[in-house]
Amino acid sequence: MTDTQKKTIYDIAKRAGASPSTVSAALNGTWKKRRIAQATAERIIEIAREHGYSANLQARALRTSRSGLVALLMPEYNRFFSNIAQTFSQEVRARNQCPVIISTGRDPDEERSTVADLTSWSIDAIFFVGTVAPDDLSHQCRAAGIPHVFVDQPCAIAPSVVTDSRTGARILTREIIASMTKRGRSFGDDSRETVYFVGGDRTLPSTKNRVDGFSEEMYAQVGQISARQILASTYDLEAATRTITELYAQLGGLPAGLFINSDSVFEGTLRFLATLPEHELSACSFGCFDYEPFGQLLRFPVHMMRQRHKMLVQRAFALLENETPPVIEYVQPELYRAAD
């Protein structure tokens, strides 16, 4: 006969050879505070999964004032943020909790009202990704007693884990310049004989740091840079298409190098580049600060800087669970060098 009876925490404890309190700590994510071995916690969680155990979140909320819900607020569902959301969901479910993922569209009012709504649901913790006003959100969470952490967005008063965009931008700029040299392009007075930075929002820390890294490497390699080389006012896809179209018309062709900031900007730029003949594309050196696997199939090589989304999320959980005081932890991005 098939055992269809709903398993309880006591059934899991008996099968795991552990006490009910140990099982409870493993399933609600408090096993580290209880100093329970990780191997023990993982074994309990696996047994619970095998036997279809699921906690009653409403009962848990009434009993412990914890809902079992963990929220992620992010700007949009592009490839990078979607990867963040997928890893976040896996990490939350591994702790026998329920993920809540919400897109706020980089709207500060929407961010604040969403936090207010989550507070009324007795949310256990909030992960903020790429928010507009991190300090305001941290104050709001502190007032409500909600543990929180920032991902890909530094906050002065809460723990944060971010991509080292400044260093990554320097590395990517260096690769673009090296590709230009291989193609016989050199820097000169001609406005086309240089590298242009396209896309992003300079009011946000990620873009600001990438612009700084780009500028620093240009100074180091070339000894000069002009403000006209920085075209960074938005991540909008349509705006990226307009920007590269206008730059092409202004210069009378593509520049020697393009630093494309993010996958959404990359997609918008490709809409225009796809209309150009092969010889024009092959004369330009491309770099993108994001990773697009289909980029390897393009008609022209593109150096890519991949942000380590799994490490960002895993380190954010570690900061939150260890109750780390305000700190900014940096994760080095990974270069995918194109075959020139």
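Residue numbers start at 1 and run along the sequence shown. Computed from heavy atoms alone, side chains included, the values below leave out hydrogens, waters and symmetry copies.
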Given 3.5 Å as the limit, does a donor-acceptor pair link the side chain of T181 with the main chain of I177, or not?
yes
Please report the shortest heavy-atom distance between A316 and V151, naming the atom on each side.
CB-CG2, 3.7 Å
Using side-chain heavy atoms (C-beta onward) and a distance below 4.5 Å, is S138 in contact with F150?
yes
If we only count heavy atoms from C-beta on, is the C284 to L258 side-chain gap below 4.5 Å?
yes
Are the side chain of S113 and the backbone of D109 linked by a donor-acceptor contact shorter than 3.5 Å?
yes
State the OG1-CZ distance between T194 and R192, to the nearest 0.5 angstrom.
12.5 Å
Are Y248 and I230 linked, directly or through intermediate hydrophobic residues, by side-chain heavy-atom contacts shorter than 4.5 Å (ILVMFWY only)?
no
Do R15 and D11 meet the salt-bridge criterion of a basic N to acidic O distance under 4.0 Å?
no
Could you go through the side chain to side chain contact (heavy atoms under 4.5 Å, CB included) check for E91 and V70 one step at a time?
CA-CA 10 Å; E91 291 290 332; V70 182; over 6 Å; no
Backbone of I157 reached by a side-chain donor or acceptor of R142 within 3.5 Å
yes
Validation row: R112, L137 side chains within 4.5 angstrom (heavy atoms):
yes
If you compare all heavy atoms of P333 against all heavy atoms of D164, which two are closest, and at what distance to 0.1 Å?
CD-O, 3.7 Å
Does a donor on one side chain sit under 3.5 Å from an acceptor on the other, for T163 and Q307?
yes
Of all heavy-atom pairs linking S191 and L251, the shortest is OG-CD2, 3.4 Å
Under 3.5 Å donor-acceptor, E280 side chain and G253 backbone:
no
With a 4.5 Å heavy-atom cut-off, do L72 and V313 have their side chains touching?
no
Please determine, by modelled atom types, if S285 and R185 share a side-chain donor-acceptor pair under 3.5 angstrom.
no
Taking the six-membered ring of F317 as reference, does the cationic atom of R95 (NZ for Lys, CZ for Arg) lie under 6.0 Å from its centre and within 45° of its axis?
yes
Could you tell me whether the side chain of Q229 and the main chain of S226 form a donor-acceptor pair under 3.5 Å?
yes
Side chains of L312 and V129: closer than 4.5 Å at any heavy-atom pair?
no
With side chain to side chain contact (heavy atoms under 4.5 Å, CB included) as the test, would you mind laying out the steps for S215 and F197 before giving the verdict?
CA-CA 9 Å; S215 301; F197 185 108; over 6 Å; no
Please find the pair of heavy atoms, one from P75 and one from S103, that lie closest to each other, and give the distance.
O-OG, 2.9 Å
Side chain proximity check, V115 to L73, heavy atoms < 4.5 angstrom
yes
Give me the atom names and distance for the closest heavy-atom approach of R299 to L276.
NH2-O, 3.3 Å
Hey, could you give me the CE/CD distance between M218 and Q224, rounded to the nearest 0.5 Å?
7.5 Å
Indicate whether the side chain of D201 and that of T203 have a donor and an acceptor atom separated by less than 3.5 Å.
yes
From F286 CZ over to L270 CG, what is the distance, rounded to the nearest 0.5 angstrom?
8.5 Å
Is F272 reachable from L237 through a run of I, L, V, M, F, W or Y residues, each pair having side-chain heavy atoms under 4.5 Å apart?
no
Backbone N or O of T324 within a donor-acceptor pair of the N322 side chain at under 3.5 Å?
no
One should read off an interatomic distance between Y77 OH and I101 CD1, to the nearest 0.5 angstrom, of 6.5 Å
Is any side-chain heavy atom of R79 less than 4.5 Å from a side-chain heavy atom of D290?
no
Using side chain to side chain contact (heavy atoms under 4.5 Å, CB included) as the criterion, point out the one residue from C141, C155, P159 that pairs with H148.
C141
Any chance you could lay out the side-chain hydrogen bond (donor to acceptor under 3.5 Å, both in side chains) test for Y235 and S206, step after step, and finish with the verdict?
CA-CA 12 Å; Y235 282 101; S206 57; 3.2 Å; yes
Using only atom types and a distance under 3.5 Å, with no angle test, would you say the side chain of D263 pairs donor to acceptor with the backbone of F266?
no
Quick one: salt bridge (Lys or Arg N to Asp or Glu O under 4.0 Å) partners of R306, sequence neighbours excluded?
none
Please name the pair of heavy atoms, one in C288 and one in S262, separated by the smallest distance, quoted to 0.1 Å.
SG-O, 3.8 Å
Can you list everything that forms a salt bridge (Lys or Arg N to Asp or Glu O under 4.0 Å) with E110? Sequence neighbours excluded, please.
none
Hey, does the side chain of S89 reach the backbone of A85 with a donor-acceptor pair shorter than 3.5 angstrom?
no
Could you check if a side-chain atom of Y330 sits within less than 4.5 angstrom of a side-chain atom of T167, using non-hydrogen atoms only?
no
Are the side chain of R308 and the backbone N or O of Q332 linked by a donor-acceptor pair below 3.5 Å?
yes
Given the rule in the side chain to side chain contact (heavy atoms under 4.5 Å, CB included) test, do Q221 and F187 qualify, once you have shown the distances and angles that lead to the verdict?
CA-CA 10 Å; Q221 297 281 337; F187 293 89; over 6 Å; no
Is there a donor-acceptor contact under 3.5 Å from the side chain of R337 to the main chain of E175?
no
What is the distance from atom CD of E292 to atom CG of N78, rounded to the nearest 0.5 Å?
10.5 Å
ILVMFWY network linking V195 to L335, side-chain heavy atoms under 4.5 angstrom:
yes
Does the side chain of E246 pick up a donor-acceptor pair with the side chain of Q250 at under 3.5 Å?
no
Cluster link V92 to I84, ILVMFWY, side chain under 4.5 Å
yes
Could you check whether the rings of F259 and F214 sit parallel, tilted or perpendicular, using 30° and 60° as the cut-offs?
perpendicular
Applying side chain to side chain contact (heavy atoms under 4.5 Å, CB included) to I44 and T22, what does each step give before you reach the verdict?
CA-CA 9 Å; I44 290 170; T22 298; 3.9 Å; yes
Do Y291 and V331 sit in the same hydrophobic cluster, where Ile, Leu, Val, Met, Phe, Trp and Tyr count as joined when their side-chain heavy atoms come under 4.5 Å apart?
no
Between the CZ atom in F81 and the NE2 atom in H309, the distance rounded to the nearest 0.5 Å is 13.0 Å
